[in-house]
Amino acid sequence: MALGGLCFTEPIIRFLGASEGIYPYARAYAMFLFPAAPLMCGVFVLNNLLRAEGQVRFAMLGTVAGNLVNVALDPLLLFRAEMGVGGAALALLISQAVSFLLLLGRYLCGKTRVSLRPRKSERPMRRLLSLLAIGSPSLFRQGLAGVASALLLRQAREWGDPTAAAVSVNARMFLLLYSFCLGVGQGLMPAAGFNKGANRPDRVLSLSRFALILATALMAALSVPTAIFAPRLIGLFRPDPEVIRVGAVMLRAQCAVFFLHGVIAVTNMLLQALGKAFPAALIAAARQGLCFIPVVLLLPRVWGLTGLCVSQAVADILTFFLTLPFLIRTLRDLRAAEQRKA
């Protein structure tokens, strides 16, 4: 990823929707972002391995330490060193290196149950295929997000750079709020997976219900103040009147369907934890792909800028109705398995 990104920086940035005004800044950021890719992958893997062992505190410590380094270095490199956007990307690269070394050190010091030393295992290809199948929902969830973002930016360019900036700011705001919902789902995954392996469908069922209620309540609670203060929140990122106007409409449209993400995200991760790769991948691909791509290509042509602003919210509603049958069936199967065991 790093090598390919550095070799084809310009076509990648152009594909992602950068206009002539945005391109120089995007390139300056990408020159440090692509070298950070191997470190990011390492952080993701080591963090999840530690969480799977139950070492949640150290996994969190390693990740938070890197983020704090990023926050501290951003103003220094941006303004003191006068590196501009490239300085922010360099801060990200350094922060990922710090997190990676901290997490890796836990294994090198022998304080983990899992060893990173390569060993011969039976049926390596079968294990690899299983790993890819169960990991495919995460791949679709993250990979298609980039494709969706590129399509949205390309559509937004028809209304100028302020609209493209509003799309980017809105995406950052959404990810910030969605992280609460994502955290609940990620917390559910190892617990549900371990209890499935221990043949405890009663625990999986109770955990699933709790996660669904918690995630939905969190997103509903966050949507109200976010919708009320949407213009001010957008203005914190970009104090441009046109960016604030368009961004506030987009953010409020998202707030109207925030509570649906509790069901979508938790169901997606529950299915993934239970080894149901196909339905999990289908739901993961729906929001940013199967439902979103047709919507973002169609609505702006029908309703103009308003259609662009509500396209993601409409895709979320369609994804919710796609998710419901899988959730109902999974809960029903867990309830039946609990009754059989009793």
Side-chain angles (χ1 to χ4, degrees), residues 137-138 140-142 144-145 148-149 152 166-167 169-189 191-192 204-234 246-274 279-280 282-292 294-296 299 306-332 334:
S138 296
F140 285 121
R141 191 162 50 242
Q142 302 297 332
L144 285 175
S149 176
L152 195 58
V167 168
V169 172
N170 183 70
R172 290 177 181 274
M173 283 299 306
F174 173 79
L175 287 175
L176 177 63
L177 298 170
Y178 185 65
S179 63
F180 290 91
C181 183
L182 196 63
V184 174
Q186 288 182 336
L188 170 68
M189 285 183 68
V204 179
L205 185 60
S206 62
L207 284 166
S208 303
R209 288 171 174 169
F210 175 74
L212 284 166
I213 294 171
L214 177 60
T216 303
L218 271 174
M219 296 305 285
L222 289 169
S223 65
V224 176
T226 303
I228 293 173
F229 299 106
R232 293 186 181 182
L233 293 172
I234 298 295
V246 177
V249 174
M250 288 184 177
L251 188 56
R252 283 171 172 162
Q254 283 277 277
C255 287
V257 297
F258 262 161
F259 68 98
L260 300 180
H261 290 283
V263 174
I264 297 171
V266 170
T267 302
N268 187 207
M269 294 185 182
L270 173 62
L271 292 170
Q272 192 173 356
L274 297 179
L282 180 64
I283 294 172
R287 181 180 182 268
Q288 303 282 16
L290 299 177
C291 294
F292 178 76
V295 168
V296 78
L299 286 189
T306 303
L308 180 75
C309 291
V310 303
S311 57
Q312 187 63 77
V314 172
D316 291 342
I317 294 172
L318 296 176
T319 305
F320 173 76
F321 285 110
L322 176 67
T323 302
L324 271 183
F326 292 108
L327 174 61
I328 293 170
R329 181 174 179 178
T330 301
L331 295 178
R332 186 183 299 154
L334 289 171

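This chain uses plain numbering: 1 for the first residue, then up along the sequence. Values reported hereafter were calculated over all heavy atoms of this structure, with side chains retained and with hydrogens, waters and symmetry mates removed.
Between Leu322 and Ala286, the shortest heavy-atom distance links the atoms CD2-CB, 3.5 Å. The two residues Leu207 and Ala191 have their closest heavy-atom pair at CD1-CB, 3.8 Å. Across Leu274 and Thr330, no two heavy atoms sit closer than the pair CD1-CG2, 3.8 Å. The two residues Cys291 and Ala315 come nearest to each other via the heavy atoms CB-O, 3.9 Å. The two atoms that bring Cys181 and Ala215 nearest to each other are SG-CB, 4.1 Å, heavy atoms only. In terms of heavy-atom proximity, Gly247 sits nearest to Ala166 at N-CB, 3.6 Å.
To the nearest 0.5 angstrom, Leu327 atom CG is 11.5 Å from Asn268 atom CG. Here Thr323 contributes atom OG1 and Arg287 contributes atom CZ; the two are 11.0 Å apart, rounded to the nearest 0.5 Å. Expressed to the nearest 0.5 Å, how far CG of Leu205 lies from CZ of Arg209 amounts to 4.0 Å. Between the CE atom of Met189 and the CD atom of Gln186 there is a distance of 7.5 Å, given to the nearest 0.5 Å.
In this structure, the side chains of Leu270 and Leu212 stay at 4.5 Å or more apart for every pair of heavy atoms. Counting only heavy atoms from C-beta outward, the side chains of Val246 and Cys309 approach each other to under 4.5 Å. Taking the side chain as every heavy atom from C-beta outward, Met173 and Met250 never approach each other to under 4.5 Å. You'll find the side chain of Pro231 reaches within 4.5 Å of the side chain of Arg252, heavy atoms only. Looking only at side-chain heavy atoms (C-beta outward), Tyr178 and Phe258 stay at 4.5 Å or farther from each other. In this structure, Leu308 and Leu299 have side chains that are not in contact, with every pair of non-hydrogen atoms separated by 4.5 Å or more. The shortest distance between side-chain heavy atoms of Phe292 and Val314 does not fall below 4.5 Å. Side-chain contact between Phe210 and Leu214 is present, with heavy atoms from C-beta onward closer than 4.5 Å.
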Test log, rule side-chain contact (heavy atoms from CB on, under 4.5 Å), inputs Ser208 and Val204: CA-CA 6 Å; Ser208 303; Val204 179; 4.0 Å; yes
Evaluate Ser311 against Leu152 for side-chain contact (heavy atoms from CB on, under 4.5 Å), listing each step before the verdict. CA-CA 9 Å; Ser311 57; Leu152 195 58; 3.9 Å; yes
Might you work through the side-chain contact (heavy atoms from CB on, under 4.5 Å) test for Leu233 and Thr226, ending with a clear yes or no? CA-CA 8 Å; Leu233 293 172; Thr226 303; 4.0 Å; yes
When you look at Met269 and Leu182, which way does the side-chain contact (heavy atoms from CB on, under 4.5 Å) test go after all the steps? CA-CA 9 Å; Met269 294 185 182; Leu182 196 63; 2.9 Å; yes
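Exactly one residue among Thr267, Leu260, Ile283 makes a side chain to side chain contact (heavy atoms under 4.5 Å, CB included) with Phe320. That residue is Leu260.
When atom types are taken as modelled, the side chain of Ser223 and the backbone of Ala220 share a donor-acceptor pair closer than 3.5 angstrom.
Ring centroid separation for the pair Phe174 and His261 comes in under the 6.0 Å cut-off.
Heavy-atom neighbours of Phe326 CZ from other residues, nucleotides or ligands within 6.0 Å: above the threshold of 12.
Remark: the Asn170 side chain and the Gln312 side chain contain no N/O donor-acceptor pair separated by less than 3.5 Å.
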